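Quick notes on the structure that follows.
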Amino acid sequence: ARAILILSRAIEIAPSDALNDSYLGIAYLNLDQIDYAQSAFQQALAKTASEPVANRGLAGIARALGFTRKAQMYSAKAGSGGMSEASLHP
């Protein structure tokens, strides 16, 4: 919960930094708050469409919900940075 407060403040301070939204999405994933995570990832992509962490996060969510094509689309946008969707959530 503390991470969410800190990251929310970071977003206030640097609203154009998509990475803060992506990290917020990861924090929500770790609390199993999938809807909030998805929203945070989408906000990151609204700022920077190619943001890899957000794309990986959305790919993982889509895959978990059974949306294979959508997961593949987000994975392709994320590129290969050595991190898989599985590494975003325990």
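Predicted, not measured: the structure shown is a model, and the values here were computed from it.
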Considering all heavy atoms, the nearest [X]-[Y] contact:
| X | Y | result |
| --- | --- | --- |
| Glu51 | Val53 | OE1-N, 3.2 Å |
| Leu7 | Asn20 | CD2-O, 4.2 Å |
| Leu58 | Gln38 | CD2-CG, 3.7 Å |
| Ala37 | Gly25 | CB-O, 3.4 Å |

Mind checking the [atom1]-[atom2] spacing from [X] to [Y]? Nearest 0.5 Å is all I need.
| X | Y | atom1 | atom2 | value |
| --- | --- | --- | --- | --- |
| Ser39 | Ile34 | OG | CD1 | 12.5 Å |
| Arg56 | Lys77 | CZ | NZ | 14.0 Å |
| Tyr23 | Ile4 | OH | CD1 | 16.0 Å |
| Leu31 | Ile26 | CG | CD1 | 12.5 Å |
| Ser16 | Ile11 | OG | CD1 | 11.5 Å |

Distance-only donor-acceptor pairs under 3.5 Å for side chains of residues 41-50, two or more places apart:
residue : atom : partner : partner atom : Å
Lys47   : NZ   : Pro15   : O            : 2.6
Lys47   : NZ   : Asp21   : OD2          : 2.4

Indicate every side-chain donor-acceptor pair of residues 64-74 with a distance under 3.5 Å to a residue at least two apart or in another chain.
none

Check your understanding: Does the side chain of Arg9 come within less than 4.5 Å of Ile13's, by heavy atoms?
Key ->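 Answer yes - side chains close enough.
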Practice item. State, yes or no, whether a side-chain contact exists between Ser75 and Arg63 at a heavy-atom distance under 4.5 Å. Key: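 Answer yes - side chains close enough.
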Practice item. Apply side-chain contact (heavy atoms from CB on, under 4.5 Å) to the pair Ile6 and Arg2, showing each step before the final yes or no. Key: CA-CA 6 Å; Ile6 292 168; Arg2 178 175 279 178; 3.7 Å; yes
Point to revise | Side-chain donor/acceptor of Gln33 to backbone N/O of Tyr36, under 3.5 Å | key: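 No, Gln33 side chain to Tyr36 backbone: no donor-acceptor pair under 3.5 Å.
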